[in-house]
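Quick caveat: nothing in here was measured; it's all calculated off a predicted structure. Each chain gets a letter, A, B and so on, in the order its sequence line appears, and its residues count up from 1.
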2 protein chains.
Amino acid sequence: MSKKLDKRAEVIDLLTVHFLDTGLSDTGLRRLAEVAGTSDRMLLYYFENKDELLAAVLTHIAGGLSASLTQLFGTTPLSPDTVLEKLWVAAKSDAFKSHLRLWLDLAAHANRGDPLFLSIAQQISTGWINWMASLLDVPEANKDATAALILAAVDGQLVLFPGEIARGEYAILQLIALFRGQTKAQAQSGAA
Amino acid sequence: MSKKLDKRAEVIDLLTVHFLDTGLSDTGLRRLAEVAGTSDRMLLYYFENKDELLAAVLTHIAGGLSASLTQLFGTTPLSPDTVLEKLWVAAKSDAFKSHLRLWLDLAAHANRGDPLFLSIAQQISTGWINWMASLLDVPEANKDATAALILAAVDGQLVLFPGEIARGEYAILQLIALFRGQTKAQAQSGAA
DNA sequence: GAGTATTTGTAGCAGGCGCTACAGTAATGC
DNA sequence: GCATTACTGTAGCGCCTGCTACAAATACTC
């Protein structure tokens, strides 16, 4: 029984790489088996069916992502413009870009109604918003909204500039400027 | 020869509805034929192959969208907060939501590298940015960036809240507030 | 009305899909 | 050593995919 679970975990690791590389297309059982160095027959031995396999790999990826995000940003509160600036630098990196592309795939599937992907996508989204909200140094009432705005702005670039997210840079800079302008205005009204 | 073209146009119209309803899944030739009231054999008579069919329908949809956008917004320049407010109201409507969901589908396919969808998605994106940039009453240097920011913010809600875009409302309101704050600050510095 | 060009139906190919039945091997407990 | 359990290969099911060969029907030209 333990060999099965070990193999299962190993397969999940191997498929994690593959999913980040190629997204949610190219997920035929025979293809996944090839990538994982096994057979389709075995995949359906380790996992109950294809859906369970997908769910396992995707939640594993989500876990890894939130871990690396926490590592990257720490836990001390930051201003919105700083968070966005840092997030944008990350978003342009290859490792992160893979996650974003996969997330977009997921959102697209979820949006077309697939219940499996819907629940996973929602789970990841709320996790991400909560994480960012807790990181933001803004009034409690604005935390969720600011977090959602920052995340949406970055994700939106992916939709707007398929395959070359970096081209959305000017929009991100614009939002950073808006955040800074707001901070300044608040400081002035506070000083008055 | 003319009957063929007529039929082709009719098929495009029928499939437009279907694509807006169901996105880019459910696009098997036999299924599309059923929706269009014909046979798969005939679809491949009207269109060279499936790719050409998809391209034809998608560009037709894109054309219709930009027409209805122009109708909705007119051509007189508007401030960013007004544009975003109006766009958001539209985005929540059913008709528009269908377009957004389809666009998300398209972006996801494009992001995974499919050349067909990539070129169509890019074409639609730049068209949309250009249209909005020309509509914005902001300094020339900021037009594209502001347009991209507004569009990304709305699209981002679709990614962030799959299936229930309206839940991103607070983030949109936040951005509207930022735009208004900026306008006020500019007015003040202009008055000084 | 004969002859040509356009339009359509029938049937099927080669390949992929998720999944399973069955049989065999290998390891484990007693 | 024997029995039970865990593991894995082979083969194939039924269904779907985009697409095509072939032939029949229909429309159009002269």
Side-chain angles (χ1 to χ4, degrees), chain A residues 1-15 18-19 21-59 105-106 108-110 112-120, chain B residues 1-15 18-19 21-59 105-106 108-110 112-120:
Chain A
M1 194 60 184
S2 79
K3 188 172 181 185
K4 177 175 179 177
L5 289 181
D6 284 357
K7 257 296 194 180
R8 190 186 142 109
E10 186 193 331
V11 165
I12 290 180
D13 276 342
L14 289 169
L15 292 188
H18 179 248
F19 275 49
D21 277 355
T22 65
L24 291 180
S25 60
D26 202 15
T27 60
L29 281 181
R30 289 162 178 88
R31 175 83 182 102
L32 295 182
E34 184 184 337
V35 170
T38 177
S39 68
D40 58 333
R41 171 67 184 76
M42 281 298 99
L43 287 184
L44 291 171
Y45 177 64
Y46 305 137
F47 303 89
E48 197 173 335
N49 51 40
K50 192 188 171 181
D51 276 4
E52 201 224 317
L53 188 162
L54 290 179
V57 176
L58 289 176
T59 54
D105 261 19
L106 208 53
H109 279 85
R112 92 172 185 239
D114 191 313
L116 169 67
F117 294 116
L118 183 58
S119 80
I120 297 177
Chain B
M1 194 59 181
S2 79
K3 188 171 180 185
K4 178 175 178 177
L5 289 181
D6 284 356
K7 257 296 196 178
R8 189 186 143 110
E10 186 193 330
V11 164
I12 290 179
D13 275 341
L14 288 169
L15 291 187
H18 180 249
F19 276 49
D21 276 355
T22 66
L24 291 180
S25 59
D26 203 14
T27 60
L29 281 182
R30 287 161 179 88
R31 175 86 182 100
L32 295 183
E34 185 184 337
V35 170
T38 177
S39 68
D40 58 333
R41 171 67 184 74
M42 279 299 100
L43 287 184
L44 292 171
Y45 176 63
Y46 305 137
F47 304 88
E48 196 173 335
N49 52 39
K50 191 188 171 180
D51 276 5
E52 201 225 317
L53 188 162
L54 291 180
V57 177
L58 289 176
T59 54
D105 261 18
L106 206 54
H109 280 84
R112 90 170 188 241
D114 191 314
L116 168 68
F117 294 116
L118 184 58
S119 80
I120 297 178

Calculate the interatomic distance between R8(B) atom CZ and dT6(C) atom C1'; express it in whole Å.
17 Å
With a 4.0 Å cut-off on heavy atoms, is D40(A) in touch with a base, just the backbone sugar-phosphate, or nothing at all?
base
Measure from CG on L29(B) to P on dT17(D) and round the result to the nearest Å.
8 Å
Computed from five pairs at either end and rounded to 10 degrees, the angle between the axes of the helix from dG1(C)-dC30(D) to dC30(C)-dG1(D) is 0°
Figure out the NZ/P separation between K7(A) and dT8(D), and round it to whole Å.
7 Å
Per-pair distances, 0.1 Å, donor-acceptor, side chain in residues 31-40 of chain B, under 3.5 Å, sequence neighbours excluded:
residue : atom : partner : partner atom : Å
R31(B)  : NE   : D26(B)  : OD1          : 3.3
R31(B)  : NE   : D26(B)  : OD2          : 3.2
S39(B)  : OG   : M42(B)  : N            : 3.2

Indicate, with a heavy-atom threshold strictly under 4.0 Å, whether S39(B) touches base, sugar-phosphate, or nothing.
sugar-phosphate
If you take any heavy atom closer than 4.0 Å to DNA chain D, which residues from residues 41-48 of chain A end up in contact?
R41(A), M42(A), Y45(A), Y46(A)
Can any side-chain N or O of D105(B) pair as donor or acceptor with the backbone N or O of L24(B) at less than 3.5 Å?
yes
Any L15(B) side-chain heavy atom under 4.5 Å of L53(B) side chain
yes
Taking atom P of dC17(C) as reference, at what distance in whole Å does atom NZ of K50(A) sit?
8 Å
What is the separation between atom CG on L54(B) and atom P on dT17(D), rounded to the nearest whole Å?
13 Å
Using a 4.5 Å cut-off on heavy atoms from C-beta on, say whether the side chain of K50(B) contacts that of T27(B).
yes
Residues in side-chain contact (heavy atoms from CB on, under 4.5 Å) with D13(A), at least two apart?
H60(A)
Contacts of type side-chain contact (heavy atoms from CB on, under 4.5 Å), residue D21(A), not counting sequence neighbours:
V17(A)
If only side-chain N and O atoms of K3(A) are considered, is one of them under 4.0 Å from the OP1 or OP2 phosphate oxygen of dT8(D)?
yes
Starting at atom CG of D6(A), determine the distance to atom P of dA6(D), rounded to an integer number of angstrom.
15 Å
Rounded to whole angstrom units, what separation is found between the CZ atom of R30(B) and the P atom of dA11(C)?
14 Å
When rounded to the nearest 0.5 angstrom, what distance separates CG in L43(B) from CG in L29(B)?
6.0 Å
Is the shortest side-chain heavy-atom distance between D6(A) and E10(A) below 4.5 Å?
no
Mind checking what makes side-chain contact (heavy atoms from CB on, under 4.5 Å) contact with E48(B), not counting sequence neighbours?
E52(B)
Provide, to the nearest angstrom, the distance between the NZ atom belonging to K4(A) and the P atom belonging to dA27(C).
18 Å
